[in-house]
Each structure stands twice: as C-alpha cells, then as structure tokens.
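Structure, as structure tokens:
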Amino acid sequence: MGKIILTGDRPTGRLHVGHYVGSLKRRVELQNSGEFDDIYIMIADAQALTDNADNPEKIRQNIIEVALDYLSCGLDPEKSTLFIQSQIPELTELTFYYMNLVTVSRLQRNPTVKSEIQMRNFEASIPVGFFTYPISQASDITAFKATTVPVGEDQLPMLEQTKEIVRKFNSVYGKTLVEPEILLPDNEACLRLPGIDGKAKMSKSLGNCIYLAEDEKEVQKKVMSMYTDPNHIRVQDPGQVEGNTVFTYLDAFCKDEHFAEYLPEYANLDELKEHYTRGGLGDVKVKRFLNAVLQEELAPIRARRKEYEKDIAYVYDILKAGSEKAQKTAAKTLEEVKAAMKINYFEDEALIQQHIKKYQ
Ligand code: ATP
Ligand code: MG
C-alpha cells in the first residue's frame, strides 16, 4: 500500500498565514520529501457551498485565488495533483452511501461543527449539507485512499469521523477503505494560529487575517495594529506573553537566525520573552521584529505569485488536468465501494445466474 496525501482548503477567500503554518508549509515539505506516492490537494468548493449556498459567486471567484496561493507557496503541479472538489461527482456518490453509516447524534457531537454553527448563527436552522460536511470530508479522504492528512487542529474531529466511517464500512462490507492518519503541525503555536485581533482562530470568515498575497505595506500595517497584552500600557510595565498574539506569531514563525539578523541584542525568543515579562520592552519594538520575520517569509511567496498571475490560463489548465486525474482515482474507489456493497448488479454474473435459475 502506498503513502498518499489528501488535504485541501475551502475557496471562501484568499489563504492566510494561519493556513500557511497550519498546513500549507508542511504540505510543501512533504511534497519535496519524495516519501509520498501520490499527493492530492483539493479546493473544496462543494464544501464551501454548504454554508455559502446563496453566494456561489464568492466561491467561484476564490478558486483561482486559492490555486495561486498554492502555487506561490511552492506546491508543484508536477508532484502534487491540484483539483476542484465539485468536478469529481464520485465524491458526492460516496457521501450518499456513507450517510447510512453515521447517526444524527454522532454528527451533533462534532465540536468543530458545533462552534462553526454558532459562529454562523445557524443554531435555528442548519443547512443539512453543512451539518453533514464531515461525512463529505470522509468521502474526499477515502476516495483517494489517503494515508496521511496534513491539516490544522480544527480538523481532528473530521479525521475521527472519517476513521469511524472506514471501520464501520470495512466491518459491514469487507475491507475496502483505508484508515487515514492526521498530521498536525509539530509547533504548538501553529496548531491554531489566532487572528490579529487575538480571537482564537485566524479565519477567512472572521476577517482577522494576514493574507499570503498581501503587499509589504498592508502586512506591516496589520502587524503594527495587532492585539497584545491590554495591561502592558507603558514600556516599563511588566508584560504577559501568554495569550499575547504577537508572541504567539513569533512562536510560529521566528528562528534564532532572525535575532542575529534583525534584533541582535537578544540571542533567542526566550530572552525576548523574559525581557517583556520583566518590563522595559515596548510593543512597538516587538512588532517591528515580527514584521521583519514575516516579511522575510512572505517575500518569496509574493514574488512567485506575481509570476503565476501573468499566466492565469495556465493555472486553469493545471486545475483541469488535476481534476481529470483525481476523477479517475475516485472512480476506481467508487467501483470498489459499490462492489463491496454489492450494488454493482451488471458486473455480478452470479446474481444474474441466481435469478435466471429462480425463474426457470
Ligand atoms: P473558513 O472560515 O471558510 O472555514 P478557514 O480559514 O477556516 O476558512 P479552511 O479552508 O476551513 O480555512 O481550512 C483549511 C486548512 O487550514 C485546514 O487544514 C485548517 O485546519 C487550516 N487552518 C485554517 N485556519 C487555521 C489557523 N488559524 N491556524 C492553523 N491552521 C488553520
Ligand atoms: Mg474552516
């Protein structure tokens, strides 16, 4: 059995630095490690429509944005298959069969969906498609027989749900599907990067993001406006680093080399934190440092994006070719699923013979 990756993003907006540290950066490393037989990266437009049904234009406009973000981060269409979810009808068909293996109460227990329902004010009337998207995610993962799913922490409940569906399917219909493993970021700050407003998660839907495609000035403006410790008013006041977004971002992005280059009075982040906690270190200085670190990471991404932006037709060709390849893989799995469920009547010679005999 090969090592296969499936992961993706909803085209609800451009990708941000939370996606980058939570999943994108790791994907590129995994892609370039050469350890994987197949890598599928999905733009989850069908899933995005489950809570944007009245705004298909938003989804349509953002497919190219996400694709450009992928390519600019270093996803390489020669090594990774980039595709669009809605172009693979087999995924929908799998979802329909998996729905029989999941209960309503099980879906209601999903903590990520619970908090998303709250965030979107869906409590009074949840679209059925949105409520069941963890099942559709199980189809996405299993259709490609993915062994490894590199995603952020909010995806843990989806992976649990997928594993349950795989176990149930295999025990009822015989071993067909592959149980995937989640691959979370090693760095704790990257599990769920907070927004620049200090809210629990940087999210396209909350508008608290630093986008990968943003220019230098915009990034700087956002960094300088970031939420810090509200009680750290004067420079000499002792400050708190826990829950201080600027320090969480430094945890996620900075390396000791950055100090040598941009802030040589400190050897590493621990020293900087210690000074801030003790008092005597102002927010502006820390923010300027964070800005330098972020700009260094984002500059090559921005430059690559500019190149791809010159050839949008080529980017669409990449997505089309990727979708065609992904469709073939999913069709093969669907065939196996239908055979396991014995709903492949016309290929089932024994069934036909049985019925011929019955009515002879
Ligand atoms: P939406 O608000 O539309 O749900 P989103 O910003 O949550 O958008 P998704 O497309 O749902 O983005 O998530 C794509 C991937 O990025 C997932 O693997 C998710 O875990 C990861 N991710 C999203 N936001 C963050 C974050 N703030 N920190 C770390 N990882 C994140
Ligand atoms: Mg999300």
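Atoms within each ligand, like the ligands themselves, are counted from 1 in listed order. Values below: all heavy atoms of this structure, side chains included; hydrogens, waters and symmetry mates excluded. We count residues from 1, following the sequence as given.
- The aromatic rings of His258 and Tyr262 lie parallel to each other, their planes meeting at an angle below 30°, with 60° marking the opposite boundary.
- Using cut-offs of 30° and 60° for the angle between ring planes, the Tyr173 and Phe169 rings count as tilted.
- A salt bridge links Lys145 to Glu336: one of the charged nitrogens lies within less than 4.0 Å of a carboxylate oxygen.
- The pair Asp69-Arg305 meets the salt-bridge criterion, since a charged nitrogen lies less than 4.0 angstrom from a carboxylate oxygen.
- A heavy-atom cutoff of 4.0 Å around ligand 1 is satisfied by the protein residues Gly8, Asp9, Arg10, Thr12, His16, Gly18, His19, Gly22, Arg120, Val151, Gly152, Asp154, Gln155, Cys190, Leu191, Arg192, Leu193, Lys201, Met202, Ser203, Lys204, Ser205.
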- [ ] Could you please spell out the steps behind the side chain to side chain contact (heavy atoms under 4.5 Å, CB included) verdict for Lys168 and Tyr98?
- [x] CA-CA 9 Å; Lys168 181 94 191 205; Tyr98 293 170; over 6 Å; no
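- With salt bridges taken as basic N to acidic carboxylate O contacts below 4.0 Å, one links Glu57 and Arg60.
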